[in-house]
Amino acid sequence: MLEVIVQNPRDAYLAEKYGANRMEVVSAISEGGLTPSYGAIKEIVRASKLPAMMMIRPHSFSFVYDEPARIVMERDIELAKEVGVKGIVYGGITKDGNIDQELLEKVIGWKGDLDLTFHRALEATKDIEASYQVLRTYGQEINQLLTSGGTSNALDSLPRLKRWINDSKETPDSFKILVGSGVKPENIATFQGTLNHTEYHVGSAARETNDFAKDILKEKIDTLNHYINQD
């Protein structure tokens, strides 16, 4: 499964045309990806039949959310259900660097039947292994964990990612590990040589000159899929 970041209807159209399996819909990618506007998400869902995962992130200051931000997030999740996305992408931590379980449980309640990806807020926690274990307790409610394994580039965390992937395979009710950050056509063979995995997330690496201002390219999607889908 190859998930590609999209920001507009053209991105969504090209992602589907060239063989991506799912799209993560964001705005303000220069800020790390924020909640898309109503108009953007509605037109993106209209432009592509790919399952859409809508980012729920009201600001880029941190992954700590006060009560006004939480109200915004609840309203945005209501919007997600209205426009017909497959799921939402969310991550929240406490001021002292732990998983915000109180807010996570609220998000799980708000999302209803939507899928849930917990994103790389995990990498901002003070103890990534302890935080991973906390998230594991929500394995039936969290469908995917988007992670680089604790480093800025997932290539630097291959042993941990391999361990987590094996853990998820051995535990039927656990979430799937979605490997992201640093995944490129140029290095997907290296990832697969260690992980032999099926779930990857890419952003600028799917585009011309690795630039979000440029189009998604067929040859990049083809290369990624070639290695991901090998038996």
Side-chain angles (χ1 to χ4, degrees), residues 1 3 5 24 26 29 31-35 53 55-70 72-74 77 87-111 114-183 187 190-191 194-203:
M1 194 284 296
E3 178 179 88
I5 294 174
E24 181 190 77
V26 309
I29 195 63
E31 297 293 313
L34 301 179
T35 306
M53 300 295 292
M55 177 65 72
I56 303 296
R57 189 179 176 214
H59 63 67
S60 61
F61 313 131
S62 71
F63 298 115
V64 178
Y65 301 110
D66 61 13
E67 188 58 27
R70 294 176 185 217
V72 170
M73 296 166 86
E74 182 179 7
I77 292 170
I88 58 171
V89 184
Y90 154 82
I93 65 176
T94 62
K95 290 181 179 178
D96 57 355
N98 296 311
I99 298 295
D100 189 336
Q101 292 179 255
E102 178 188 358
L103 180 54
L104 175 58
E105 289 170 8
K106 287 183 177 180
V107 169
I108 289 168
W110 296 335
K111 76 179 183 66
L114 295 177
D115 283 357
L116 172 61
T117 296
F118 194 98
H119 64 52
R120 293 184 62 243
L122 172 66
E123 270 70 35
T125 60
K126 65 182 181 182
D127 185 334
I128 192 168
E129 289 287 353
S131 296
Y132 169 78
Q133 292 301 328
V134 168
L135 292 175
R136 283 278 284 100
T137 66
Y138 295 92
Q140 291 183 317
E141 290 86 12
I142 298 174
N143 302 90
Q144 301 93 26
L145 176 61
L146 173 57
T147 179
S148 62
T151 53
S152 59
N153 189 318
L155 270 179
D156 299 323
S157 296
L158 291 179
R160 174 178 281 147
L161 288 168
K162 184 175 180 64
R163 177 161 46 83
W164 286 358
I165 289 166
N166 288 339
D167 178 44
S168 69
K169 290 177 179 177
E170 293 169 2
T171 310
D173 64 348
S174 69
F175 43 67
K176 292 182 178 180
I177 301 298
L178 180 59
V179 177
S181 189
V183 178
N187 63 23
T190 302
F191 277 102
T194 299
L195 303 180
N196 189 27
H197 194 39
T198 56
E199 315 279 326
Y200 287 94
H201 167 98
V202 297

Asker: What distance separates Asn166 CG from His197 NE2, expressed to the nearest 0.5 Å?
Answerer: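 Those atoms lie 10.0 Å apart.
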
Asker: Would you find a donor on one side and an acceptor on the other, under 3.5 Å apart, between the side chain of Ser62 and the backbone of Val64?
Answerer: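 Yes, because the side chain of Ser62 sits within donor-acceptor range (under 3.5 Å) of the backbone of Val64.
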
Asker: In sequence, state the C-alpha distance, the side-chain angles, and the governing distance for Thr147 and Leu178, and then conclude on side-chain contact (heavy atoms from CB on, under 4.5 Å).
Answerer: CA-CA 6 Å; Thr147 179; Leu178 180 59; over 6 Å; no

Asker: List for me each residue that meets side chain to side chain contact (heavy atoms under 4.5 Å, CB included) alongside Asp100, sequence neighbours excluded, and say none if there are none.
Answerer: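 With sequence neighbours excluded, Asp100 shows a side chain to side chain contact (heavy atoms under 4.5 Å, CB included) to Arg70, Thr94, Glu102, Leu103, given in chain and number order.
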
Asker: To the closest 0.5 Å, what do you measure between CG (Leu104) and CD1 (Ile93)?
Answerer: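 With rounding to 0.5 Å, CG (Leu104) is 13.0 Å from CD1 (Ile93).
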
Asker: Return the minimal non-hydrogen interatomic distance between Val26 and Glu24, and the atom names on each side.
Answerer: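 Val26 and Glu24 have their closest heavy atoms at CG1-OE1, 3.6 Å.
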
Asker: Parallel, tilted or perpendicular: which one describes the rings of Phe118 and Tyr90, with boundaries at 30° and 60°?
Answerer: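 It falls in the perpendicular class, over 60°.
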
Asker: Apply the side-chain contact (heavy atoms from CB on, under 4.5 Å) test between Thr117 and each candidate in Met53, His201, Lys176, Met55; give the one that qualifies.
Answerer: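 Among the candidates, only Met53 passes.
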
Asker: Quick one: side chain to side chain contact (heavy atoms under 4.5 Å, CB included) partners of Thr198, sequence neighbours excluded?
Answerer: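 Expected list: none.
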
Asker: Can you see which heavy atom on Gly150 is nearest to which on Ser157, and at what distance?
Answerer: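 Residues Gly150 and Ser157, closest heavy atoms: N-OG, 4.0 Å.
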
Asker: Give, for atom CG of Leu145 and atom CD1 of Ile165, the distance between the pair rounded to the nearest 0.5 Å.
Answerer: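 So the CG of Leu145 and the CD1 of Ile165 are separated by 10.5 Å.
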
Asker: Mind checking the OH-CG spacing from Tyr138 to Leu135? Nearest 0.5 Å is all I need.
Answerer: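 Spacing of OH (Tyr138) from CG (Leu135) equals 8.5 Å.
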
Asker: According to salt bridge (charged side-chain N to carboxylate O under 4.0 Å, His left out), does anything in residues 124-137 pair up with another residue at least two apart or in another chain? List the pairs.
Answerer: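 Matches after skipping sequence neighbours: Glu129-Arg160, Glu129-Arg163, Arg136-Asp167.
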
Asker: Looking at Arg120 and Leu146, what are the two nearest heavy atoms and their distance?
Answerer: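 Scanning both residues, the minimum pair turns out to be CG-O, 3.3 Å.
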
Asker: What is the distance from atom NZ of Lys95 to atom CG of Asp66, rounded to the nearest 0.5 Å?
Answerer: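 Output value for this atom pair is 8.0 Å.
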
Asker: Of the non-hydrogen atoms in Leu122 and Thr125, which two are nearest, and what is the gap between them?
Answerer: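 Answer, listing the atom of Leu122 first, then Thr125: O-OG1, 2.7 Å.
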
Asker: Quick one: do the Ser181 and Ser148 side chains pair a donor with an acceptor below 3.5 Å?
Answerer: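 The criterion, which ignores hydrogens and geometry beyond distance, is not satisfied for Ser148 and Ser181.
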
Asker: If you measure from CG on Leu116 to CD1 on Ile142, what distance do you get to the nearest 0.5 Å?
Answerer: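 Going from CG on Leu116 over to CD1 on Ile142, the span is 5.5 Å.
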
Asker: Minimum heavy-atom separation for Phe191 and Gly182, please, with both atom names.
Answerer: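 Closest approach of Phe191 to Gly182: CE1-O, 3.9 Å.
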
Asker: Any side-chain heavy atom of Leu155 sitting closer than 4.5 Å to one from Thr190?
Answerer: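 Leu155 reaches Thr190 side chain to side chain.
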
Asker: So His59 and Phe61, would you call those rings parallel, tilted or perpendicular, with 30° and 60° as cut-offs?
Answerer: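 If you compare the ring of His59 with that of Phe61, the planes turn out parallel.
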
Asker: Can you name the closest pair of heavy atoms from Asp115 and Asn143 and give their distance?
Answerer: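 In terms of heavy atoms, the two residues are closest at CA-OD1, 3.2 Å.
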
Asker: Is the Phe63 ring parallel, tilted or perpendicular to the His119 ring (thresholds 30°, 60°)?
Answerer: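 Ring orientation, 0 to 90° scale: tilted.
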
Asker: Could you go through the side-chain contact (heavy atoms from CB on, under 4.5 Å) check for Tyr200 and Ile177 one step at a time?
Answerer: CA-CA 8 Å; Tyr200 287 94; Ile177 301 298; over 6 Å; no

Asker: Got Ile88 and Ile77 here, is their nearest side-chain heavy-atom distance under 4.5 Å?
Answerer: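 They are in contact (side-chain heavy atoms under 4.5 Å apart), so the answer is yes.
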
Asker: List the steps, then state whether side-chain contact (heavy atoms from CB on, under 4.5 Å) holds for Gln144 with Phe175.
Answerer: CA-CA 5 Å; Gln144 301 93 26; Phe175 43 67; 5.6 Å; no

Asker: Return yes if a side-chain donor-acceptor contact under 3.5 Å exists between Ser168 and Ser174, otherwise no.
Answerer: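 Distance-only check fails for Ser168 and Ser174.
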
Asker: Flag the pair Trp110 / Glu105 as yes when at least one side-chain heavy-atom distance between them is below 4.5 Å, and no otherwise.
Answerer: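 Result no, sub-4.5 Å side-chain heavy-atom pair not found.
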
